[in-house]
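By convention in this document, chain letters (A, B, ...) are assigned in the order of the sequence lines, proteins followed by strands, and residues within each chain are numbered from 1.
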Amino acid sequence: MKSRGLGAVAAAAALALTLAACGSSSGGGGSASGGGSGLKIGIKFDQPGMGLKKGSDYTGMDVDVAKYIAKQLGTSEGDITWVQAPSAQRETLIQTGQVDMVVATYSITDARKEKVSFAGPYFIAGQDLLIRSDDSSITGPDSLDGKKLCSVKGSTSAQKVKDKYPGVQLQEFGTYSECLPALATGGVDALTTDDTILAGYASQPEFKGKFKVVGKPFSTENYGVGIKKGDTALCTKVTDAIKKMISDGSWQKAIDNNLGPAGYKPGQGNPPTPAACS
Amino acid sequence: MLDILDKYDVLGAFWMTIKLTVFSAIGALVIGTILAVMRVAPVAILRRLGAFYVNTVRNTPLTLILVFCSLGLLYILQVNLTDPKSPTSIVDNNIRWAIVGLAAYHAAFVCEALRSGVNTVPLGQAEAARSIGLTFTQSLREVILPQAFRGSIAPLGSVLIALTKNTTVASIIGVAEASGLMKEIIENETASFGVFFIFALGFVILTLPVGILFTSLSRRLAVKR
């Protein structure tokens, strides 16, 4: 009798888990992509400076860009449904229509272009290094030999380090947050990924003054807005919104607000010229 | 799908999964047996210690244990399992800490499987062993444990299968096993059914024979009563 009761509880728990997994990404009902009321936008929930969820508030550069685009599309801030878009799920979220667009440190690459379309770029980031503020031995990618770096398992930045800098040891964690304590204790010498993300961490109040961004980017990541493949009408509207955001100063303001506290200056090529939609 | 096998070292990643599984399984079996002996020992403090370990470790998420091993023990307390100056110290430390964490976690389950095996041995046998003058250790070694192991083969098989699949958690502390490579491929090629299929198939190939083997072993070796 007892074991039967336990089995029922286990079954119920398993069911609840599956339901929760499905439920988290639905929400809102089939709103047409672009224009109209209500817009579902995929962002990162865990990236300070770019897309961060704190309580019911969302902050970051991506969030500001998304809000601006939504305004240009005629959607008020209150009608935006924010959806968490982890890196591995971004294409799926767009393809299945669970989001209307993804603004989540989404680099434009050829492999991704086969599945989704991009508007933008709205920002050009580059892979950089975050080091302890008292460390003067690392001045750029050329001074990395024999050093220990930290990044996220499977990320583009981690792969680049492995391929290009064989003299470097790489610690990989599930998220960047786990790299920070290792960096603080000296277990690793630097954290490497897109400079925007690094600046976001360095700007967080708890790390202020402890870490600094080296400022010698050694790759180019074009952040774009991911939308359903072939939706040229939406792409054009989003591109116009990005152009307007850059020209009316809101773009610079968004960077100063979100990434400025760490003394971050956008790298070469910024502000970018969004590509034409095809 | 085949170009993925060409471009990435899928076999190498699964070889790491196998290594993690084998070494962790040996560690878990050793620690688990000691725990099981503690839990049936006539000394109350040993019983309580064993129960405390099992209840604590079994109810802690594996992710937490592995992150604690890597971030807590290796990076914050700086407990190295290899020379920190060596050019491969990060990789070696990660693999060894992953094995320690996996072994410590699954030892709790091995212990409970063995204890269920101990329960299959009729109480009369333990009493008979003691009455002919065998000590606790002798009766355990000669009478109880051999039968307990044979009685718990099926649940031990389940633990081994669970362990094989749980090695995927080691990717979060940077061990280059199968699921870590899958994340890499998804990052480069975007997610597709083929990628999932390759890795799911890999794990089925690893676990299915183990399941069949342990089922047939348990049928052949179980003590007929």
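- In terms of heavy-atom pairs under 4.5 angstrom with chain B, the leader among A:C150, A:S87, A:C179, A:G174 is A:G174.
- The two residues A:E178 and B:V67 make their nearest non-hydrogen contact at OE2-CG2, 4.3 Å.
- The neighbour count for A:K210 NZ, taken as heavy atoms of other residues, nucleotides or ligands under 6.0 Å away, does not exceed 12.
- In this structure, the ring-ring contact (aromatic ring centres under 6.0 Å, His included) partners of A:Y106, at least two apart in sequence or on a different chain, are A:F118.
- Per-residue counts of heavy-atom pairs under 4.5 Å with chain A were compared for B:T88, B:V91, B:N93; the largest is that of B:T88.
- Contact annotation for A:T109: neither backbone nor side-chain heavy atoms come within less than 4.5 Å of a heavy atom of chain B.
- By the 6.0 Å contact criterion, NZ on B:K165 is open, its count of non-hydrogen atoms from other residues, nucleotides or ligands being 12 or less.
- When each of A:S155, A:G186, A:A158, A:G146 is checked for heavy-atom pairs under 4.5 Å with chain B, A:S155 comes out on top.
- When the shell of 6.0 Å around CZ of B:R48 is examined, it contains 12 or fewer heavy atoms from other residues, nucleotides or ligands.
- Surrounding CZ of B:F23 are at most 12 heavy atoms belonging to other residues, nucleotides or ligands under 6.0 Å away.
- Within the 4.5 Å cutoff, side-chain heavy atoms of A:K162 are placed close to those of B:E184.
- Side-chain N or O atoms of A:T185 include none that pairs as donor or acceptor with a backbone N or O of B:I76 at under 3.5 Å.
- Here OH of B:Y75 is found 11.0 Å from CG of A:L183. Values are rounded to the nearest 0.5 Å.
- You'll find the side chain of A:K153 stays beyond 4.5 Å of the side chain of B:I172, heavy atoms only.
- Contact record, B:I90 with A:Q171: CG2-OE1, 3.6 Å, taken as the closest heavy-atom pair.
- Taking CZ of A:F173 as the reference point, atom CG of B:N94 lies at 7.0 Å (rounded to 0.5 Å).
- Both the backbone and the side chain of A:V188 come within less than 4.5 Å of a heavy atom in chain B.
- Between chain A and the residues B:S89, B:G180, B:S70, the largest count of heavy-atom pairs under 4.5 Å involves B:S89.
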